[in-house]
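Below is one structure, written out as structure tokens, with a few remarks after it.
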Amino acid sequence: EVQLVESGGGLVQARGSLRLSCAASGFTFDDYTIGWFRQAPGKEREGVSCINNRDRSTYYADSVKGRFTISRLENTVYLQMSSLKPEDTGVYYCNANVMEGSPRYSVNYWGKGTLVTVSS
């Protein structure tokens with residue numbers, strides 16, 4: 001079973017930087033994207049960034065484009081966050097969306113989350 005473990009969250013000042021890590025294991029299919037969602041208190045969970053395992057294409061939400069960078073080295077996915085804003089505050093979850101089976105269907109796997117707090 002896919003397991004995802006986040007680390008790197010913490011308290012940072014606005015305009016500062018932080019790097020999140022997601023240690024991934026247990027993949028039995030290679031057609032998947034892996035990346036990050038976040039959820040602020042009282043708000044819906046939103047997609048932040050992801051990277052495709054096959055072609056390494058990336059996606060960024062408009063709100064973080066130009067400030068965040070996703071990358072992958074072996075079994076760890078990183079989210080480098082810079083120019084942080086208070087509105088970036090939230091619990092950041094590592095997510096893998098995996099295509100499985102025949103006919104194909106998608107399965108989402110989640111980490112437990114890591115808290116990022118950006119102070120003004």
Side-chain angles (χ1 to χ4, degrees):
E1 179 176 297
V2 173
Q3 299 205 352
L4 308 170
V5 181
E6 306 97 331
S7 62
L11 176 64
V12 63
Q13 291 184 329
R15 300 174 299 281
S17 298
L18 203 63
R19 188 179 75 163
L20 306 182
S21 299
C22 173
S25 63
F27 290 96
T28 58
F29 299 87
D30 70 349
D31 187 5
Y32 63 89
T33 58
I34 186 166
W36 300 89
F37 284 67
R38 68 186 181 188
Q39 188 168 26
K43 296 184 178 180
E44 294 184 346
R45 188 173 299 186
E46 62 177 347
V48 177
S49 181
C50 64
I51 184 168
N52 185 272
N53 182 60
R54 287 185 171 178
D55 63 11
R56 293 297 192 264
S57 60
T58 57
Y59 159 85
Y60 296 94
D62 288 343
S63 59
V64 307
K65 199 168 295 183
R67 300 187 297 119
F68 291 11
T69 302
I70 192 167
S71 63
R72 180 172 183 171
L73 182 61
E74 296 183 340
N75 296 321
T76 304
V77 178
Y78 302 96
L79 186 67
Q80 180 65 52
M81 306 184 293
S82 61
S83 302
L84 283 162
K85 305 174 181 179
E87 50 262 46
D88 294 318
T89 292
V91 178
Y92 283 68
Y93 298 91
C94 189
N95 164 264
N97 182 253
V98 184
M99 296 301 301
E100 303 180 4
S102 182
R104 287 154 59 85
Y105 59 93
S106 65
V107 179
N108 277 302
Y109 299 90
W110 298 92
K112 294 181 179 179
T114 186
L115 177 63
V116 173
T117 302
V118 184
S119 65
S120 59

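Side chains included, hydrogens not; waters and symmetry mates left out as well; all remaining heavy atoms used. Numbers here are sequence positions counted from 1. This one's a predicted model, so the numbers in the text were calculated from it and none came from an experiment.
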Taking [Y]'s backbone N and O only, do any of them form a donor-acceptor pair with [X]'s side chain (distance below 3.5 Å, no angle check)?
X: Ser106; Y: Val98; result: no
X: Arg67; Y: Ser83; result: yes
X: Ser21; Y: Tyr78; result: no
X: Thr89; Y: Val118; result: yes
X: Gln39; Y: Gly90; result: no

Out of curiosity, Tyr109 OH to Asn97 CG, how far, rounded to the nearest 0.5 Å? 10.0 Å
How many angstroms lie between CD in Gln80 and CG in Leu20, if you round to the nearest 0.5 Å? 9.0 Å
How would you list, by chain and number, every residue that makes a salt bridge (charged side-chain N to carboxylate O under 4.0 Å, His left out) with Glu46, sequence neighbours excluded? Arg38
Using salt bridge (charged side-chain N to carboxylate O under 4.0 Å, His left out) as the criterion, list what pairs up with Arg45, not counting sequence neighbours. none
Out of curiosity, does Trp36 fall in the hydrophobic cluster containing Val116 (side-chain heavy atoms, cut-off under 4.5 Å, transitive links)? yes
Indicate if Tyr93 and Ile34 have the same hydrophobic cluster label, given that clusters are the connected sets of ILVMFWY residues with side-chain heavy-atom separations under 4.5 angstrom. no
Which pairs pass salt bridge (charged side-chain N to carboxylate O under 4.0 Å, His left out) with one or both residues in residues 69-80, sequence neighbours excluded? none
Sequence neighbours excluded, which residues qualify as ring-ring contact (aromatic ring centres under 6.0 Å, His included) partners of Phe27? Tyr32
Can you tell me which residue pairs pass the disulfide bond (SG atoms under 2.5 Å apart) test with a partner in residues 57-120, sequence neighbours excluded? Cys22-Cys94
May I have all residue pairs that pass disulfide bond (SG atoms under 2.5 Å apart) and include part of residues 24-79, sequence neighbours excluded? none
Less than 4.0 Å between a side-chain N and a carboxylate O, is that true for Asp88 and Lys85? no
